[in-house]
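The structure appears below as structure tokens.
Note that the coordinates shown come from a computational prediction; the quantities given were computed from them, not determined experimentally. Convention: sequence-line order gives letters A, B, ...; per-chain numbering from 1.
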2 protein chains.
Amino acid sequence: MKIDPDNKADLSAQIAGAIREEIVAGRLIVDERLPSEAELADHFEVSRPTVREALKRLAAQSLIRTARGAFGGAFVNRLNYPDAYGQHITTSTLLLSMNAISFDVACEARYALERACTPLAALRRTPDTLATMRAEIHRQGQPGLSDESFCASDVTFHRALVDSAANPVLSYQLAGAVEAMQPLMNMITFTARSREAILGFHTRIADALEGNEAEAAQAALSELEAYTLTLGRDVMAARARPKG
Amino acid sequence: MKIDPDNKADLSAQIAGAIREEIVAGRLIVDERLPSEAELADHFEVSRPTVREALKRLAAQSLIRTARGAFGGAFVNRLNYPDAYGQHITTSTLLLSMNAISFDVACEARYALERACTPLAALRRTPDTLATMRAEIHRQGQPGLSDESFCASDVTFHRALVDSAANPVLSYQLAGAVEAMQPLMNMITFTARSREAILGFHTRIADALEGNEAEAAQAALSELEAYTLTLGRDVMAARARPKG
DNA sequence: TACATTTAAATGTCTGACAATTTATTCGTC
DNA sequence: GACGAATAAATTGTCAGACATTTAAATGTA
């Protein structure tokens, strides 16, 4: 584990990179303890604050965890789903919001991915995931629900759809696409009429999954995509128009 | 922007969280300069090393970049695709390798997601992406190609398939699924016979995309998935068997 | 005006110290 | 000998202050 002595980049970044490589390559295994900060500083021939900055970089990516006290130190962390979800969602959200991704492109990606889950969801949906979907459909029909709450419920519904596929890898990958869309969806004002329409699509999807009808669910999803697109385009058009 | 004075967690983690929230919420916009380390230390009433550890955490997530010199400092970074790709791939790879994800589950997720891209890819494939796919098919037919190179070429082929959909959000989301599978695929020993079979599927996929035939491409992908599954299961079975 | 020099501001790094936390060990008591 | 409290040791968390390095603006000079 070495660093390039004539590299001009930050030492802490180099050290973090060297350790990260060891972890990704599997040469440092889960729960293994890294040398103490003092030992690392000695090994890399840098000061302790520099080592600490490197370790904080790794901690930010959930690659290590630290414990104080005797027999404490930095340990290779088992990357768990909640941490991975959080990172993925933060990255996806910022990628969308900072790069002027159009509503259309984000929408297309999200629904394409959701349709990918549908055959598995129709096969494996459980009473539990169906109940979640029904509950959210009911919530979405409540009058007086704020637009933001409606969006949050929408996300929960779609996450239940994805989770129905019972494939954690799929759920993880989809989390970014579904959650990152929420800020864009939050710009939409949902009228009573549009809520009713969305509710109809959601009901069709839940019904299709319950009946193990993958193609019907995919068809409903496609129609929901088209409908969402029109809602988004209306918002964009209204924004582009001179205010007044 | 404040931190909880009775929170027992690391100060640097709290400060990083506070700044991260500002960025994600859009209250700190792209290219905006953060206060200097000295000013931040003053504001949060901590020392400069603590502030620096917080900033390194954010830098590790590509949320900020730093510049030295006069008028340097920390700036909100525009999260670009290469950085986001890198983070996503690292996270996905570790999630798979550290959590005993079965070959079957990872494979299912990957091919489900790739099939999701296929309709768009059949619609939008360009001479460029087709050429990439043909080139990789040709490479995969070369005798004397190492298993690792074969896998790398396989990843390039599938990335070209995904990129054919011409949706950057889709490409980003898929990158994690496709690349994270590579370590698992690398465990497979590809015989001349299995390479020939895979090559056949790849050719069918490329032909289908060239002919704008989405369903044929999806069918070939599904068969490739089934075939890959059998290869993976053979490896797993051989590993489980007592050595000798 | 054009170019070289100086200066100021900021990050990068180092040294040394102390605080807080956690575990193992030691010692005293019953 | 067994149990509990004090102690010691190791390690991370935090701080203060200093110096090195880099960069761009300001200044001076031909």
Side-chain angles (χ1 to χ4, degrees), chain A residues 1-20 23 28 31-78, chain B residues 1-20 23 28 31-78:
Chain A
M1 200 159 49
K2 279 176 187 154
I3 58 176
D4 182 4
D6 15 312
N7 192 324
K8 282 179 54 176
D10 291 1
L11 290 174
S12 71
Q14 287 185 64
I15 293 168
I19 299 175
R20 176 163 39 237
I23 296 175
L28 286 172
D31 292 336
E32 186 169 341
R33 184 180 175 280
L34 298 180
S36 71
E37 294 175 353
E39 288 167 324
L40 286 173
D42 219 41
H43 173 78
F44 288 113
E45 299 181 337
V46 297
S47 67
R48 208 181 128 218
T50 302
V51 166
R52 280 182 63 78
E53 288 179 8
L55 293 180
K56 294 313 160 200
R57 293 177 118 107
L58 299 174
Q61 296 179 296
S62 305
L63 298 189
I64 62 168
R65 62 178 186 279
T66 55
R68 298 171 73 166
F71 292 72
F75 298 83
V76 178
N77 195 33
R78 179 184 303 279
Chain B
M1 200 158 50
K2 279 174 187 158
I3 58 176
D4 182 3
D6 12 312
N7 193 324
K8 282 179 55 176
D10 291 3
L11 290 174
S12 71
Q14 287 184 64
I15 292 168
I19 298 176
R20 177 165 35 238
I23 295 174
L28 286 171
D31 292 335
E32 186 170 342
R33 184 180 177 282
L34 297 180
S36 72
E37 294 175 354
E39 287 168 324
L40 286 172
D42 218 42
H43 173 78
F44 287 113
E45 300 180 338
V46 298
S47 66
R48 191 156 82 95
T50 302
V51 166
R52 280 182 63 78
E53 288 179 7
L55 293 180
K56 295 312 162 199
R57 293 176 117 107
L58 298 175
Q61 295 179 298
S62 305
L63 298 189
I64 62 168
R65 63 178 185 278
T66 55
R68 297 172 74 166
F71 291 72
F75 297 84
V76 178
N77 195 34
R78 180 184 302 281

For B:Ala18, side chain to side chain contact (heavy atoms under 4.5 Å, CB included) partners two or more places apart: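 By the side chain to side chain contact (heavy atoms under 4.5 Å, CB included) rule, B:Ala18 matches B:Met1, B:Ile3.
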B:Leu55 CG - C:dT11 P separation (whole Å):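 Roughly 8 Å, once rounded to whole Å.
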Distance, rounded to the nearest Å, where B:Arg68 contributes CZ and C:dT11 contributes P: 11 Å
Scan the side chains in residues 67-77 of chain A for donor-acceptor partners under 3.5 Å anywhere in the protein, sequence neighbours excluded, and list what turns up.
{"residue": "A:Asn77", "atom": "OD1", "partner": "A:Arg65", "partner atom": "NH1", "Å": "3.4"}
{"residue": "A:Asn77", "atom": "ND2", "partner": "A:Ser62", "partner atom": "O", "Å": "3.3"}

Pairs touching residues 46-58 of chain A that satisfy salt bridge (charged side-chain N to carboxylate O under 4.0 Å, His left out), sequence neighbours left out: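 The answer is A:Glu37-A:Arg48, A:Glu37-A:Arg52, A:Arg52-B:Glu53, A:Glu53-B:Arg52.
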Nearest non-hydrogen partners of B:Leu58 and B:Ala16, listed with the distance: CD2-O, 3.5 Å
Nearest heavy-atom neighbours spanning A:Ala54 and A:Ser12: CB-O, 3.3 Å
For nucleotides 24-27 of chain C, which of its nitrogen or oxygen atoms have a protein nitrogen or oxygen under 3.5 Å away, and what is each distance?
none

Within this structure, what is the [atom1]-[atom2] distance for the pair [X] and [Y], rounded to the nearest 0.5 Å?
X       : Y       : atom1 : atom2 : answer
B:Asp10 : A:Thr66 : CG    : OG1   : 6.0 Å
A:Ile64 : A:Leu55 : CD1   : CG    : 4.5 Å
B:Leu34 : B:Leu63 : CG    : CG    : 10.5 Å

Close residues, residues 38-54 of chain B, relative to DNA chain C [heavy-atom separation under 4.0 Å]: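 Here the set is B:Arg48, B:Arg52.
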Nearest-nucleotide pick for B:Glu37, side chain only, options being C:dG12, C:dT21, C:dT23: C:dG12
Touch class at under 4.0 angstrom, heavy-atom based, for A:Arg33 against every strand present: sugar-phosphate
Boundaries of the chain B footprint along DNA chain D (any atom under 4.0 Å from a heavy atom): D:dG13 to D:dA24
